[in-house]
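Worksheet for the structure shown next.
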Amino acid sequence: MAKAKAAKAAYRCSECGWQTSKWVGRCGECQTWGTVVEGASATPARVVSAGPVSTPARPIGQVDVRSAQTRPTGLDELDRVLGGGIVPGAVLLLAGEPGIGKSTLLLEVAALASQKGEDGGPKRVLYVTGEESAEQVRLRADRVGAITDELYLAAETELSAVLGHVDAVEPTLVVVDSIQTIGTSEVDGAPGGVTQIREVAANLIRVAKERGITVVLVGHVTKEGAIAGPRLLEHLVDVVLYFEGDRHSRLRMIRAVKNRYGPTDELGCFDLSEVGIVGLPDPSGLFLTRRDEPVPGTCVTVTLEGRRPLVAEVQALVAKSHLPAPRRASSGLDTSRVAMVLAVLAQRCKISMHEQDVYVSTVGGVRLTETSVDLALALAVAGSTVEQSLSSSLIALGEVGLAGEARVVPGVQRRLAEANRLGFKHAVVPRGSLELADGSPLKRADPQLSSYEGMKVMEVDSLQQALQVAFTAP
């Protein structure tokens with residue numbers, strides 16, 4: 001009798017759970033590389049019979065939503081991104097690069113939340129640190145002024161101990177810094193692994209939903225900028241926030257990529273210093289250079305971060321190159337987009353730079369990824385090439401196509417209103433920018449235009465026409 005073939009080991013994707021009998025480098029379900037690992041063989045699904053329900057189903061109109069109302073955190077910029085504040089029972093995931101200021105921000109939030117509750121009295125907040133000692137966190141709290149009687153601090157790396165602190169303190173807000181450092185002995189693997197993160201997150205989410213506690217989890221990011229750990233973690237939580245910024249700049253920005261309780265197109269700006277972190281309700285001035293006389297190679301534009309207009313300055317320097325292949329360097333701008341604009345300038349506007357180095361940058365460490373920056377970038381490069389400066393009261397916004405045409409970008413009215421508020425008097429925009437969606441022109445009496453009534457808006461059809469109009473503007 002022939003021997004029965006040994007059952008082959010099954011391989012499972014650590015991200016989505018997809019299984020295969022042979023190892024592959026890329027998951028066939030979620031298309032993620034390097035996540036297929038050897039695991040247990042697949043077992044057929046068992047039939048589960050109906051059982052008792054926890055709460056009866058009700059008509060949707062009878063569901064009480066008062067318990068899901070937002071509560072302000074005390075930081076207006078964070079409340080703007082969250083849609084008004086935090087919600088009891090919600091689980092938030094805050095991710096960012098090391099040293100960007102995540103712990104400082106959450107320590108400030110924890111201190112503000114512990115000062116006054118909904119009924120006017122204090123409410124308890126538990127801050128769990130797994131990366132630092134309690135003494136290190138206390139020193140930071142002294143520096144930023146985050147010392148309150150109702151803010152409790154615990155240094156733990158075991159999940160059971162964290163849950164024990166939750167039972168003892170009975171907080172309304174729990175901060176876990178970070179989830180990659182918390183582990184449990186109930187499952188195999190080291191803290192920070194896929195299995196451990198999934199188990200820890202599931203237990204913290206269960207506690208948050210059962211007791212109405214808001215839980216904030218701090219997450220690490222990989223070198224590609226994605227949140228470390230299984231993608232399932234982002235699906236489980238209610239809100240996913242990214243904390244960004246240049247480490248050599250004081251400006252920090254927070255944005256939501258997932259929010260079950262509010263919008264995902266808002267941006268919060270903060271100023272991080274040695275005395276703490278404060279919101280910046282008007283950050284546009286950080287991205288401009290104040291000078292007495294205009295300088296060739298600079299142009300101001302208005303970008304939209306979500307629904308928030310930000311006035312920023314683009315700078316360019318074109319210098320004769322002594323290298324066989326001239327250099328092209330950019331900071332704060334998309335490199336491929338810069339190369340495309342330079343090619344359009346050379347081909348459509350006959351501004352040759354094949355023997356010159358080109359350096360482009362933004363002011364204040366802001367990163368501009370919108371295509372609306374194309375026109376300002378082209379004007380800055382052209383001005384540096386011909387050594388001619390633009391008017392200090394002029395802004396330019398619009399997309400540049402490969403044929404040299406100027407294309408309309410969304411939100412022009414909001415952008416022009418912000419520029420007018422800061423004192424700019426001239427604007428170069430693509431033709432059709434001042435039309436409604438149905439093609440009818442905006443009237444001067446329109447409320448959207450009342451805030452920039454005194455601006456002279458010049459519409460252009462092409463990049464070549466934009467150069468002529470911009471350099472002749474007063």
Side-chain angles (χ1 to χ4, degrees), residues 70-82 84-86 88 92-156 162 165-166 168-178 181 213-219 239 241-255 267-283 285-286 365:
T70 58
R71 300 175 183 177
T73 63
L75 287 177
D76 293 339
E77 291 297 298
L78 180 59
D79 292 339
R80 174 202 293 267
V81 177
L82 293 176
I86 56 178
L92 291 74
L93 176 62
L94 177 67
E97 295 181 357
I100 204 69
K102 302 185 297 296
S103 300
T104 303
L105 174 66
L106 293 181
L107 191 60
E108 186 80 17
V109 171
L112 292 173
S114 64
Q115 291 176 0
K116 186 172 66 174
E118 222 178 36
D119 55 354
K123 54 183 181 180
R124 292 182 177 180
V125 177
L126 175 63
Y127 191 103
V128 179
T129 174
E131 299 181 346
E132 303 174 283
S133 64
E135 292 76 15
Q136 289 175 309
V137 179
R138 167 62 194 268
L139 290 175
R140 184 188 299 114
D142 286 332
R143 188 175 70 251
V144 302
I147 303 295
T148 62
D149 294 335
E150 297 299 323
L151 175 56
Y152 287 73
L153 179 63
E156 296 288 353
V162 173
H165 284 296
V166 173
V169 177
E170 297 182 352
T172 57
L173 172 65
V174 177
V175 178
V176 179
D177 186 10
S178 64
T181 61
I213 301 173
T214 303
V215 176
V216 182
L217 307 176
V218 177
V239 182
L241 302 174
Y242 274 87
F243 201 43
E244 307 167 346
D246 187 352
R247 299 188 62 175
H248 304 289
S249 172
R250 293 172 54 177
L251 176 68
R252 297 292 185 269
M253 293 178 287
I254 188 169
R255 68 182 78 239
L267 177 78
C269 297
F270 298 90
D271 181 18
L272 180 66
S273 63
E274 61 276 359
V275 296
I277 188 167
V278 295
L280 291 176
D282 188 13
L286 297 176

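The shortest distance between side-chain heavy atoms of His165 and Glu156 falls below 4.5 Å. Counting heavy atoms from C-beta outward, Glu150 and Gln115 have side chains that stay 4.5 Å or more apart. Proximity of Pro171 to Val166: side-chain heavy atoms (C-beta onward) are separated by under 4.5 Å at one or more points. Residues Leu78 and Leu241 meet the side-chain proximity criterion, which asks for heavy atoms closer than 4.5 Å. Counting heavy atoms from C-beta on, the side chains of Leu94 and Leu106 come closer than 4.5 Å. Under the 4.5 Å side-chain criterion, counting only non-hydrogen atoms from C-beta, Thr104 is in contact with Val144.
Taking CZ from Arg138 and CZ from Arg140, the interatomic distance works out to 13.5 Å, rounded to the nearest 0.5 Å. Of the inter-residue distances, the one linking Thr172 atom OG1 with Ile213 atom CD1 reads 8.0 Å to the nearest 0.5 angstrom. In this structure, Leu126 CG and Tyr152 OH are separated by 10.0 Å, a value rounded to the nearest 0.5 Å. Interatomic distance, Leu251 CG to Leu272 CG, rounded to the nearest 0.5 Å: 10.0 Å. To the nearest 0.5 Å, atoms CG (Leu105) and CZ (Phe270) are separated by 5.5 Å. Taking CG of Leu151 as the reference point, atom NZ of Lys123 lies at 12.5 Å (rounded to 0.5 Å).
The side chain to side chain contact (heavy atoms under 4.5 Å, CB included) test with Leu82 singles out one residue from Ile254, Leu92, Thr70, and that residue is Leu92.
Around CD of Glu170, the count of heavy atoms belonging to other residues, nucleotides or ligands within 6.0 Å does not exceed 12. Heavy-atom neighbours of Asp142 CG from other residues, nucleotides or ligands within 6.0 Å: above the threshold of 12.
Closest of all the heavy-atom pairs between Thr148 and Ser114 is OG1-OG, 2.7 Å. Considering all non-hydrogen atoms of both residues, Tyr127 and Ala110 come closest at CD1-CB, 4.4 Å. The shortest non-hydrogen separation linking Thr181 to Gly130 is OG1-CA, 3.5 Å. Between Gly245 and Arg252, the shortest heavy-atom distance links the atoms CA-CD, 4.3 Å. Between Ile147 and Ala141, the shortest heavy-atom distance links the atoms CD1-CB, 3.5 Å. Heavy-atom minimum distance, Leu280 versus Pro283: O-CD, 3.6 Å.
When atom types are taken as modelled, the side chain of Lys102 and the backbone of Glu97 share a donor-acceptor pair closer than 3.5 angstrom. Distance alone, capped at 3.5 Å, is enough to place a donor-acceptor pair between the Glu77 side chain and the Cys269 backbone. The main-chain N or O of Val169 is found under 3.5 Å from a side-chain atom of Arg124 such that the two form a donor-acceptor pair. Asp79 places a side-chain N or O within donor-acceptor distance of the main-chain N or O of Thr73, the cut-off being under 3.5 Å.
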Chi angles and distances behind the side-chain contact (heavy atoms from CB on, under 4.5 Å) call for Val109, Leu107: CA-CA 5 Å; Val109 171; Leu107 191 60; over 6 Å; no
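For Glu108, there are no salt bridge (charged side-chain N to carboxylate O under 4.0 Å, His left out) partners, not counting sequence neighbours.
The closest side-chain donor-acceptor pair between Asp177 and Thr129, if any, does not fall under 3.5 angstrom.
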